[in-house]
Amino acid sequence: MTKTTRKASATLIALMIGAGALGGCSNLNHRENRALTGGAIGAAGGAAIGAVTGGSAVYGGLLGGAAGAAVGALSADEGGGHRRR
C-alpha cells in the first residue's frame, strides 16, 4: 500500500466513524445542540489556525473544539424554545 492510499483510507475511515457518531445526535436539546455546533466550529477553526501559523493542527483543533463547546453550551438560552411568530 502506498503512503497516499493509506492516508486516503484512514481519512475515509475517520469520516465514516464521525458520521456514525453524529447519527445519534438527532434528539439533542438546545444546550447540547449548541455545544456540539460550537465544538465543531471551534475545532475546525483551531485546526486551521494551528496549521496556518505553523503550530500543531491537532492541538489547535483540540483547544478550539473545547473552547467552542464551552462557549456554545454557556451561551444557550433556556427560554423553553419560544419563538416569535
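- Under a 4.5 Å side-chain heavy-atom cut-off, the cluster of Ile, Leu, Val, Met, Phe, Trp and Tyr residues that includes Leu63 has no other member.
- Between Leu15 and the options Ile13, Thr11, Ile17, a side-chain contact (heavy atoms from CB on, under 4.5 Å) holds for only Thr11.
- In this view, Ser75 and Arg34 satisfy the side chain to side chain donor-acceptor pair (under 3.5 Å) rule, not counting sequence neighbours.
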Using distance only, find each side-chain donor-acceptor pair of residues 35-48 under 3.5 Å and give its atom names and separation, not counting sequence neighbours.
unit_1	atom_1	unit_2	atom_2	d
Thr37	OG1	Asn33	O	2.9

